[in-house]
Amino acid sequence: KAFGFAHRGTDKQLLVFEAPIDLMSYYTLHRSCCNAVALCGLYDGALRTYLRNNPQIKRIVLCLDMDTPGQETAEQLRKKYAEMGYEISQEKPHIGKDWNEYLQKEKHWKGAMN
């Protein structure tokens, strides 16, 4: 669990997801190319490894699931990494429990409009 599913960008921000499907869904929605890592669960080993290998990262954006375990972990990570000097924020899907569900609902909604 020290390595997650990741994409390396060139900026100083890192997006953190629970699962690879959520990371890919976010990219499908936003078409942005930035640093991102999927923890493949709620353990932060992959996050620690990514930060160690990419010292240019100064800001962490938590994009974890909206369920209780995901939000409890987001709060724990917020505190832990803020104490380490990182700027921390959170980005939440507008609908659904995670980024993949949001993508599915967004595609369904757009399909219904056409």
Side-chain angles (χ1 to χ4, degrees):
K1 293 255 181 174
F3 296 92
F5 181 87
H7 179 270
R8 187 164 184 206
T10 58
D11 58 348
K12 296 180 181 184
Q13 174 174 285
L14 174 64
L15 303 177
V16 180
F17 298 88
E18 259 184 67
I21 191 67
D22 293 316
L23 186 157
M24 292 184 295
S25 296
Y26 184 93
Y27 270 63
T28 299
L29 288 160
H30 295 93
R31 303 288 184 197
S32 60
C33 184
C34 57
N35 295 290
V37 64
L39 303 176
C40 302
L42 293 172
Y43 174 67
D44 72 334
L47 174 57
R48 288 195 318 263
T49 299
Y50 196 95
L51 293 171
R52 185 173 50 250
N53 293 336
N54 296 278
Q56 79 280 5
I57 302 296
K58 304 297 181 211
R59 183 169 188 258
I60 298 170
V61 180
L62 301 171
C63 304
L64 303 181
D65 291 2
M66 297 302 298
D67 59 8
T68 300
Q71 291 306 294
E72 287 175 351
T73 300
E75 186 56 31
Q76 292 168 0
L77 295 177
R78 177 190 313 275
K79 290 176 185 175
K80 178 179 181 176
Y81 287 92
E83 288 176 5
M84 296 169 69
Y86 291 97
E87 180 184 333
I88 309 291
S89 64
Q90 188 170 10
E91 188 168 351
K92 300 176 181 181
H94 300 290
I95 53 174
K97 68 175 183 61
D98 59 30
W99 289 99
N100 183 250
E101 188 173 311
Y102 175 51
L103 173 64
Q104 291 175 26
K105 290 182 180 201
E106 181 77 7
K107 287 179 79 176
H108 177 75
W109 182 79
K110 284 184 178 179
M113 296 296 290
N114 290 332

Can you check whether Asp65's main-chain N or O pairs, donor with acceptor, with Gln71's side chain at less than 3.5 Å? yes
Decide yes or no on side-chain contact (heavy atoms from CB on, under 4.5 Å) for Leu64 and Leu77, but give the supporting numbers first. CA-CA 10 Å; Leu64 303 181; Leu77 295 177; 4.1 Å; yes
Counting only heavy atoms not in Lys80, do more than 12 fall under 6.0 Å of its NZ? yes
dist Gln56:CD -> Lys12:NZ (nearest 0.5 Å) comes out at 8.5 Å
Locate the shortest heavy-atom distance separating Ala38 from Ala19; write the atom from each residue and the value. CB-C, 3.5 Å
Determine the minimum heavy-atom distance between Ala74 and Gln90, stating which atoms define it. CB-NE2, 3.7 Å
Does Ile57 reach the side chain of Asn35, with side-chain heavy atoms less than 4.5 Å apart? yes
From the list Val61, Ile60, Leu62, side-chain contact (heavy atoms from CB on, under 4.5 Å) with Ser89 holds only for Val61
List the steps, then state whether side-chain contact (heavy atoms from CB on, under 4.5 Å) holds for Cys63 with Asp22. CA-CA 9 Å; Cys63 304; Asp22 293 316; over 6 Å; no
Suppose we screen for side chain to side chain donor-acceptor pair (under 3.5 Å). Which residues come up paired with Glu91, at least two apart in sequence or across chains? Tyr26
Any sub-3.5 Å donor-acceptor pair from Asp98's side-chain atoms to Asn100's backbone N or O? yes
Is any side-chain N of the basic residue among Glu83 and Lys79 closer than 4.0 Å to the acidic one's carboxylate O? no
Note, Tyr86 side chain near Leu14 side chain (heavy atom, < 4.5 Å): no
What one should report as the nearest heavy-atom pair of Ala82 and Ile88 is N-CG1, 3.9 Å
Could you measure the distance from the CD atom of Glu101 to the NZ atom of Lys105? Nearest 0.5 Å is fine. 4.0 Å
Applying side chain to side chain contact (heavy atoms under 4.5 Å, CB included), name anything that partners Leu29, two or more places apart in sequence or on another chain. Trp99, Tyr102, Leu103, Glu106
Using the side-chain contact (heavy atoms from CB on, under 4.5 Å) rule, take Arg8 and Tyr50 through it: C-alpha gap first, then chi angles, then the decisive distance, then the call. CA-CA 9 Å; Arg8 187 164 184 206; Tyr50 196 95; 3.7 Å; yes
Report yes if some heavy atom in the side chain of Tyr81 is under 4.5 Å from a heavy atom in the side chain of Leu47; otherwise report no. yes
Taking the side chain as every heavy atom from C-beta outward, state whether Glu18 and Asp67 have any atom pair closer than 4.5 Å. yes
Report yes if the side chains of Leu39 and Val16 come closer than 4.5 Å at any heavy-atom pair, otherwise no. yes
